[in-house]
Amino acid sequence: MAAQVRQAKRDDGSELIDLWHGFTDHLSEYDDRYEHKDEANERWLQYFENQLLDSKYGTVFVAEADDELVGVLEVRVVGDHPIFRLKDHGYINGHYVRDAYRGTGVGKQLLDAAADWLQDHPRGIDFCRVDVIHGDENAVSVYEDLDFEPIEHVYEYEL
């Protein structure tokens with residue numbers, strides 16, 4: 001099932017919020033801190049419109065099939081580290097594909113679009129990272145199947 005992947009436009013806002021809910025609902029299955037705050041939709045839409053549209057530091061890619069948005073991925077450029085040799089790189093967030101379209105290649109199409117955008121970036125980006133919530137073994141296997149390598153673990157401690 002082929003989808004068309006493109007950069008998101010301002011008009012996509014309301015459909016993007018629906019996809020964003022799918023992503024955050026999935027995260028909240030693992031950690032209830034990912035449940036939405038009041039006015040979350042409005043705040044996300046402002047973030048999308050003011051920081052991602054027409055930005056050289058990030059963008060949102062969407063996948064369309066059957067006259068609807070079926071997948072989304074946000075990609076940003078994050079700066080180099082002041083001490084380590086960790087240079088400018090891409091950071092992927094909100095990578096989500098509707099259940100009916102999983103396993104069809106839509107997620108990979110979105111990642112390929114992000115990789116192309118990063119490789120064409122003026123800062124010379126040559127790697128990207130993605131966070132996977134602890135316990136989501138399906139996401140781990142998807143990224144490992146696409147040659148992502150685990151680099152670090154993040155731990156929390158309740159105070």
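Position 1 is the first residue of the sequence; numbering continues from there.
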Open item on the list: Under 4.5 Å side-chain heavy-atom separation, chaining through any Ile, Leu, Val, Met, Phe, Trp or Tyr, what else clusters with Leu159? Say none if it is isolated.
Closed with: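 Besides Leu159, the hydrophobic cluster comprises Tyr157, listed by chain and residue number.
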Using residues 144-152 as the side-chain source, report each donor-acceptor pair under 3.5 Å to any protein atom, sequence neighbours left out, with the distance given to one decimal.
none

Open item on the list: With a 3.5 Å distance limit and no angle check, can you tell me whether Arg76 reaches the backbone of Gly90 through a side-chain donor-acceptor pair?
Closed with: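 Answer holds: no.
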Task: Partner residues of Asp32 under the salt bridge (charged side-chain N to carboxylate O under 4.0 Å, His left out) criterion, sequence neighbours left out - done: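 So Asp32 forms no salt bridge (charged side-chain N to carboxylate O under 4.0 Å, His left out) with any residue.
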Shared ILVMFWY cluster between [X] and [Y], side chains joined below 4.5 angstrom?
X: Ile92; Y: Val142; result: yes
X: Leu27; Y: Leu110; result: no
X: Val72; Y: Tyr101; result: no
X: Val130; Y: Ile125; result: yes
X: Leu52; Y: Val77; result: no

Less than 3.5 Å apart, which donor and acceptor atoms pair up between the side chains of residues 37-51 and the rest of the protein, not counting sequence neighbours?
| from | atom 1 | to | atom 2 | distance (Å) |
| --- | --- | --- | --- | --- |
| Asn41 | OD1 | His21 | NE2 | 2.7 |
| Tyr47 | OH | Glu74 | OE2 | 2.4 |
| Asn50 | ND2 | Gln46 | O | 3.1 |

Over all atoms of both residues, closest heavy-atom pair of [X] and [Y]:
X: Val106; Y: Ala63; result: CG1-CB, 3.5 Å
X: Ser28; Y: Glu35; result: CB-CG, 3.8 Å
X: Gly71; Y: Leu19; result: O-CD1, 3.7 Å
X: Val70; Y: Ala65; result: CG1-O, 3.9 Å

Open item on the list: Rounded to the nearest 0.5 Å, what separates atom CG in Leu73 from atom NE2 in His95?
Closed with: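 Here the rounded value is 5.0 Å.
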Scan the side chains in residues 131-140 for donor-acceptor partners under 3.5 Å anywhere in the protein, sequence neighbours excluded, and list what turns up.
| from | atom 1 | to | atom 2 | distance (Å) |
| --- | --- | --- | --- | --- |
| Asp131 | OD2 | Tyr91 | OH | 2.6 |
| Asp136 | OD1 | Ala139 | N | 3.2 |
| Asp136 | OD2 | His26 | NE2 | 2.6 |

Task: More than 12 heavy atoms from other groups under 6.0 Å of CZ on Phe127 - done: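 Correct, the count exceeds 12.
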Could you go through residues 6-17 and list every donor-acceptor pair under 3.5 Å that involves a side-chain atom there, pairing it with any protein atom two or more places apart or in another chain?
| from | atom 1 | to | atom 2 | distance (Å) |
| --- | --- | --- | --- | --- |
| Arg6 | NE | Glu64 | OE1 | 3.1 |
| Arg6 | NH1 | Asp12 | OD2 | 2.7 |
| Arg6 | NH2 | Asp12 | OD1 | 3.0 |
| Arg6 | NH2 | Asp12 | OD2 | 3.3 |
| Gln7 | NE2 | Thr59 | OG1 | 2.6 |
| Asp12 | OD2 | Lys9 | N | 2.7 |
| Glu15 | OE2 | Leu69 | N | 3.2 |

TODO: Evaluate the ring planes of Phe23 and Tyr96, with Trp represented by its six-membered ring, and classify them as parallel (under 30°), tilted (30 to 60°) or perpendicular (over 60°).
DONE: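 Perpendicular.
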Open item on the list: Using the rule side-chain hydrogen bond (donor to acceptor under 3.5 Å, both in side chains), only one of His89, Lys87, His121 pairs with Asp126; which is it?
Closed with: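 So the option named by the test is Lys87.
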Open item on the list: Just so I know, are the side chains of Val5 and Val62 near enough to count as touching, which here means a heavy-atom distance under 4.5 Å?
Closed with: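 Counting from C-beta outward, Val5 and Val62 never come under 4.5 Å.
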